[in-house]
Each structure stands twice: as C-alpha cells, then as structure tokens.
Amino acid sequence: SKVGMDVDEEDAPRDYAWTKEYERTWAGLEEDEQGVLKTALFEKQNQEKRSDRMLTDTRIVRRGMHRHLYLIIDTSSALEEESDFKPSRLVVTINTVESFIHEYFDQNPIAQLGIISTRDSVAEKLTELAGNPQTHIRTLKESLTIAGVPSLQNSLEVAYESLTHTSKHGSKEVLIVYSALCTNDPGDINITIKKLELAAIRVSIVSSSAELHICKTITRQTKGSYVVALNQVHFKQALLSHCTPPPSSHSNSRPSLVRMGFPQYIEDEHYFVCVCHKQLKKEGYECPRCLVRFCELPCDCRVCNLTLVSSAHLARSYHHLFPVPRFVAKEEVRSEEVCYGCKGVMQTKFNGVFGCPKCK
C-alpha cells in the first residue's frame, strides 16, 4: 500500500552526514586577482596542514633513530564496512597505509619496517623487517584477503618473536591499524602484554571504529598511544603522526657508540647470491666486515650482525633531533617583500605569510 511504501522509505538506510563533506566541491570555487581559480577545499587543506605544524613537538629530546617497527593491519570482515569511510574502510585503510609507508621511510631513512596481517583469528607475517617501501606495498596488495575476525594476541606474539632478535640500540615498536570491535584470542592476552612491557616494546593503535577497553589497556601498559579516528582526515593524520620517532623510553640508560658499516656499491660481471632475498644479482652492497652482499640499504648483516647504512641516510635522520622551530604568522607585509624560499612576491590573500622566529 501507499502507507507501507512511505514507511519503507522512511526506514530505508541513509548515508551519514559526515560522508557528504566534499560532494559539491564546485560550489567553493573562487577567482583571485590574476584570474586563477582557487577552491575552498584547497584553503581548508592548507589550514589543516598549518594546524598540524603548530601541534608538532619542536623540543630537543632524545629519540631513537634506528627504529624497528611492525605494522599490524586488521584485515577482518570489519574492513568491508561502507557507512563511515568513503568509498569503504578497505580503500581508505590501504591508501592511508601506503602513504604512511612512503612517509615513514622518507622521514626515517635508517629505520626498518615489517607488516603483519590478522584475520580468521590468526596472524600472518607478510614481510620481514626491511627498508624497501615498494616491497612492502607490493606484498600487501598481492596478499590482501578479508575474512573473519582479528586476533590481537596472535598478532602481538608474532611481532614479539621478531622484535626480540633485533639490535638492542634500536627502538622496538608496534603500530596496529584496527577496524573490528572484537578480538578472538587463544589465551590470556594479559600475559602477552606483560611480555611486551618487559621487552620495552611500545604498542600504539589507530582505530577506525569505536574505542575498546583492551586496546586502551595495551597502549597504556606499553607506553604507546591510542587514537580513535573521527573521519578520514583524522585517520590519516593519526597514522602519519607515527612517522616521527617517539621519545626514547630508556631515559636512564647511558648513551653509547653504535658500530655501523658503510658498504660500497659493487657491479660485478658475474652473478652472486644476495643474502637478503637469495636471488642471483650482478650489483649490490658489500658488507665491509664479512664481504657478503645485499640488495638494499639500510639493513642488518645476517652473517656478522653489523648495521649497514649509507652516509646520506644517516645525515637525513638527524632532522628529528634538531627540529625546525614553529614559524610565526605575519600580519603586515610590504607589497614589495619577496619570499625567501621561492623568490616570489608575497601574497597574503590565500596562503598567508610566515616568518622564522629567530632571524625574522
């Protein structure tokens, strides 16, 4: 009947209001003095970037430069949810994780990362600790399978077994991208949490669903952080915030020198077997101590356990120890004033003008 049809239409599921944020992007078009189109969305994104920079910690604190991080991704059926993130949690999660991997290695050249996925109450290690972002992204996309429910305990146990064999001078971290509202564990997860705490393994969680008590307990006892994403932008910001090395938890330990090797890049006429992938190669990096060869840097030599890095990677890692101070917005700008970076005339209408607090 007609009444029945009206009731069905009223009870029909509708999209949430926050999923319609940027659907009418053409309504925010504006034209500047030179006739160039500017969008309100572009201005909003710039404002969000400035806000993120203002929240950046500029204190000079002790941080672990040689990071060992396992990224645990929840690939359970909760990723198929389409009501909150557009077009789905799966697409948003994979794209954000890919951006995180690129940014992580860009800001931490001598760090290493591995990926673990959890589904059907089991955990599977997709990649070992390595420094090649393309390998991690390709493996993640090729082996992506969604099914069942996740298991926090199994995932943390896999990460624990791998991180306990890493070098003592490097930091040990676990970052979990969680989507489900439950966990199916084979035993007492509190025992696993205690093991992580004793091994000084920091566990942080970024969730795309509601807050869970067990997740809060894990992060609190391991001195990590727990963030529940409000939307897609907040989800990406929360994940990318872990690209910056956290303050070192070993505040009472005395600093000590770390032995590192700087291997040379060698091109040979004959094939050799690389130690990292067991593949035939003609070029690679030769360990200066035991003379075995690897495909990529940075890595730990699997024969003599020497940390192998390049001088460029080591130099780029120090920007976290001496961060750039927060720039101050300038209210009045002379019409002939020129930008120190691009040498262009200052324009305050859209982007704003900022100056160094030290040299002005």
Side-chain angles (χ1 to χ4, degrees), residues 66-79 89-166 170-180 183 192 196 201-208 215 218-219 222 224 227 235-236 238-243 245-246 276-278 295-300 302:
H66 195 200
R67 304 175 65 185
H68 301 92
L69 184 142
Y70 263 105
L71 182 63
I72 299 177
I73 303 176
D74 173 14
T75 57
S76 64
S77 56
L79 279 183
R89 285 185 185 176
L90 173 62
V91 176
V92 173
T93 300
I94 297 303
N95 292 339
T96 307
V97 167
E98 183 176 351
S99 301
F100 168 78
I101 293 175
H102 283 295
E103 189 71 15
Y104 175 81
F105 284 109
D106 183 65
Q107 295 193 26
N108 306 273
I110 63 174
Q112 297 185 22
L113 181 141
I115 299 179
I116 299 172
S117 68
T118 173
R119 65 180 186 278
D120 285 334
S121 304
V122 297
E124 178 185 4
K125 185 188 297 182
L126 301 183
T127 58
E128 296 283 351
L129 289 172
N132 190 341
Q134 299 300 332
T135 302
H136 295 301
I137 295 173
R138 183 177 62 253
T139 305
L140 175 62
K141 291 182 177 180
E142 291 176 353
S143 58
L144 184 63
T145 304
I146 300 176
V149 295
S151 175
L152 281 174
Q153 184 181 16
N154 288 332
S155 303
L156 294 174
E157 286 288 350
V158 174
Y160 171 81
E161 292 298 330
S162 299
L163 291 174
T164 50
H165 299 291
T166 58
S171 64
K172 304 173 184 179
E173 306 170 48
V174 175
L175 177 59
I176 304 176
V177 182
Y178 211 63
S179 301
T183 175
T192 304
L196 295 169
I201 299 176
R202 186 195 307 265
V203 181
S204 300
I205 301 176
V206 177
S207 176
S208 58
C215 294
I218 294 172
T219 55
T222 60
V227 177
F235 179 71
K236 186 174 183 179
L239 198 59
L240 294 182
S241 65
H242 292 278
C243 294
C276 46
H277 298 96
K278 305 296 189 296
C295 299
E296 57 195 27
L297 296 177
C299 64
D300 293 332
R302 301 189 180 183

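What you see is a predicted model, and the numbers here were worked out from it, not measured in a lab.
Taking every heavy atom of both residues into account, Val177 and Phe235 meet most closely at CG1-CZ, 3.8 Å. Closest non-hydrogen pair, Gly114 versus Leu129, comes out as N-CD2, 3.6 Å. When all heavy atoms of Tyr104 and Gln112 are compared, the pair lying nearest together is OH-O, 3.2 Å. Smallest separation of non-hydrogen atoms from Tyr70 and Thr127: CE2-O, 3.8 Å. Minimum heavy-atom separation, Ala111 to Phe105: O-CE2, 3.6 Å. Heavy atoms only, all atoms of each residue included: Gly224 and Arg202 are closest at CA-CG, 3.7 Å.
The ring-ring contact (aromatic ring centres under 6.0 Å, His included) check on Tyr160 picks up nothing, with sequence neighbours excluded. Under the side-chain contact (heavy atoms from CB on, under 4.5 Å) criterion, Ala180 pairs with Asp74, Ser76, Ala78, Pro150, Tyr178, sequence neighbours left out. Remark: Ile137 engages Glu98, Ile101, His102, Lys141 in a side-chain contact (heavy atoms from CB on, under 4.5 Å) (not counting sequence neighbours). Residues meeting the side-chain hydrogen bond (donor to acceptor under 3.5 Å, both in side chains) test with Thr192, sequence neighbours left out: Gln153, Glu157. Taking the side-chain contact (heavy atoms from CB on, under 4.5 Å) definition, one finds that Ala123 meets it with Ile116, Asn154, Ser155, Val158, sequence neighbours left out. Evaluation of the side-chain hydrogen bond (donor to acceptor under 3.5 Å, both in side chains) rule for Thr222 yields no partner, not counting sequence neighbours. Ser241 meets the side-chain hydrogen bond (donor to acceptor under 3.5 Å, both in side chains) test with no other residue; sequence neighbours excluded. Ala130 pairs by the side-chain contact (heavy atoms from CB on, under 4.5 Å) definition with His136, Glu296, not counting sequence neighbours. With sequence neighbours left out, Glu128 forms a salt bridge (Lys or Arg N to Asp or Glu O under 4.0 Å) with Lys125. Thr219 pairs by the side-chain hydrogen bond (donor to acceptor under 3.5 Å, both in side chains) definition with nothing, not counting sequence neighbours.
Remark: side-chain polar atoms of Thr118 are paired, donor with acceptor, to backbone N or O of Ser151 under 3.5 angstrom. Ser162 places no side-chain N or O within donor-acceptor distance of the main-chain N or O of Ala159, the cut-off being under 3.5 Å. Between the Arg67 side chain and the Pro246 main chain, no donor and acceptor come within less than 3.5 Å of each other.
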